[in-house]
**Student:** 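So that we are looking at the same thing, I have put the structure below in structure tokens.
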Amino acid sequence: MTEEMATREAYGKALVELGRKNPSIVVLDADLSKSTKTVLFADEFPLRFFNMGVAEADMIGTAAGLAASGFIPFVSTFGVFATGRVYDQIRNSVAYTKMNVKIAATHTGITVGEDGASHQSFEDIALMRVLPNMTVVVPADARQTCQAVEAAAKHEGPLYLRLGRPKVPPVISPEVPFELGKAQLLREGDDLVFIATGITVGIALEAASLMERHNISAAVVNVHTIKPLDEVLLLQLAQKTGAIVTIEEHSIIGGLGGAIAELVSENCPVPVIRVGINDSFGESGSPKELLQKYGLTVNKLISAGKAAVEKKVRAY
Amino acid sequence: MPAISAAALEELRIKARKLRKDVVTMIYEAGSGHPGGSLSVLDILIVLYYKVMNIDSQNYKHPHRDRLVLSKGHACPALYAVLADKGFFPSAYLSSLRKINSPLQGHPDMRKTPGIEMSTGSLGQGLSVANGMALAARLNQSKYHTYVILGDGEIQEGQVWEAAMTSAHYRLDNLTAFLDYNGLQIDGWIRDVKLPQPLAGKWRAFGWHVMEVDGHDYAALLEAIGRARANKGAPTMIIAHTVKGKGISFMENQLDWHGRAPNKEEYEKALAELSQ
Ligand SMILES: Cc1ncc(C[n+]2csc(CCOP(=O)(O)OP(=O)(O)O)c2C)c(N)n1
Ligand SMILES: [Mg+2]
């Protein structure tokens, strides 16, 4: 996996691998299997694939029933339809019941692109994170997606897997171990830590290396599991660097930034600047243009990093 | 299903009187709850649990057991009374209904109560879940049957019709649904809130095998279930004509008794009626 690949593509392939090894895996989709790539599983395991039609609520409920009877359902559609559209079904039939259902949403965040605001979910992490019993995972690249799919199947209980539409470059080297709930420290640093998730990990790594020019030593950590948070590592980094910038392809309210602010304000209050979508809906455009327009860029991150370090100095 | 003897019918009637007392007592002691819909659904549960379903209270997680999803979860006092009577948990639990630390929650919780197959309470979700269980039976080549009970107000939820299409699409003849057709919801008569007709026609149009029976007639219910089990290639909907508050004269067909507990005087009156 040295080439660019969308995390949804990696998901589709990983599901097939998983299906070969584990006969308990079943997959449900709601008329988007070609986009979510569950079609790959459907082609190989037609009896274990259920196309529920354009009926997301029914899909979640059916998955709960399959899980109640011992299967491990992976349920896929776009992020907006996989979360907000079926929130009560997830809440009551999956989370409350601790059903072993994996909700894999493939089109999330601003990089959904041309389809525009109706299809761009900036609130899905927040919605899933607030549910008891729910684990929330956002892989950074294709390899990590495969690891996450594998881990999701082993994990007992409801899990939300946030995937993306566009191709993304590999950012996590193969030696970095993957474990649910364990954040990955990708770069050491003393003055500042960039806390990133999903496709923003690459942006954070690039920004951190450019920060050297400003004499700021920035660490980078990949929080692929937003819930449960790796509190130990994150608090260590907060303590050590004293300044935090979070970055995510999600609203700055309730997502990664929100989770980090909650954690450090209770345990190790240091300045936190949240970079993400500023409480707005999205719009049509190419993913690249939208990342630019909505401020998910290396430059934005660098200025946020400087501002965070400055705040720290003033606080002392 | 074999035809039922007069003696067996009488036994069920005696059981029903006891369970009706349990339901009213539970709700009285809890100080809140839903007597109307519990009493309308009780006779369906009695037929299922005492005459039809293959279940063992001492081994209630057996993989090949029959399943029941009470989609209209607010009627759980009826189900709790039956489960306690069948030995799924001690009858002493019944007086803890809706109280702090109780295994018997205000709406069914599968993680707290033995014998509850699915947590419900948010209406409209049970048929989807039952479909999942029926699909699982097919994948596992298991012979268990899945039953699900819906309210007539509940089927105003759109998800029910998504699920109805799913059951028919997959030809789930290992699934039987009941509609507790008591004609009432919270805000009034169903027909005034949202016209349900054509009711049987809707389900037929969605590809279901449909029957209509008196939901308090054990022999008729048994016969219908027998025909449902024999029917192949489609799910069955048994529209059970019921009376909300059945068995307690002053609760029958009264909107007011959807969701309130009897006071002491009403409680005693109800018990006296059930003891006659
Ligand atoms: C999604 C949802 N909306 C609203 C309610 C509140 N509620 C509880 S019972 C009920 C009426 C149900 O009527 P029906 O299905 O006819 O039940 P029954 O007459 O058998 O009691 C409503 C609206 C709920 N539990 N779930
Ligand atoms: Mg009703």
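Chain letters run A, B, ... following the sequence lines, proteins first, then strands; residues in each count from 1.
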**Student:** So what's closer than 4.5 Å to chain A heavy atoms on B:Arg138: side chain, backbone, both or neither?
**Tutor:** neither

**Student:** Which label fits B:Trp161 and B:Trp203: parallel for a plane angle under 30°, tilted from 30 to 60°, or perpendicular past 60°?
**Tutor:** tilted

**Student:** Taking C-beta and beyond as the side chain, do B:Thr113 and B:Leu104 meet within less than 4.5 Å on heavy atoms?
**Tutor:** yes

**Student:** Could you label the plane-to-plane angle of the B:His74 and B:His258 rings as parallel, tilted or perpendicular, counting under 30° as parallel and over 60° as perpendicular?
**Tutor:**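 B:His74 vs B:His258 ring planes: tilted.
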
**Student:** Could you look at B:Ala163 and say if it's the side chain, the backbone, both or neither that has a heavy atom under 4.5 Å from chain A?
**Tutor:**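 When you check distances to chain A, atoms from both the backbone and side chain of B:Ala163 fall under 4.5 Å.
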
**Student:** Please identify, among B:Met118, B:His169, B:Arg111, the residue contributing the most non-hydrogen atom pairs under 4.5 Å to chain A.
**Tutor:** B:Arg111

**Student:** Within 45° of the axis and under 6.0 Å from the centre of the six-membered ring of A:Phe41, does NZ or CZ of A:Arg48 qualify?
**Tutor:** no

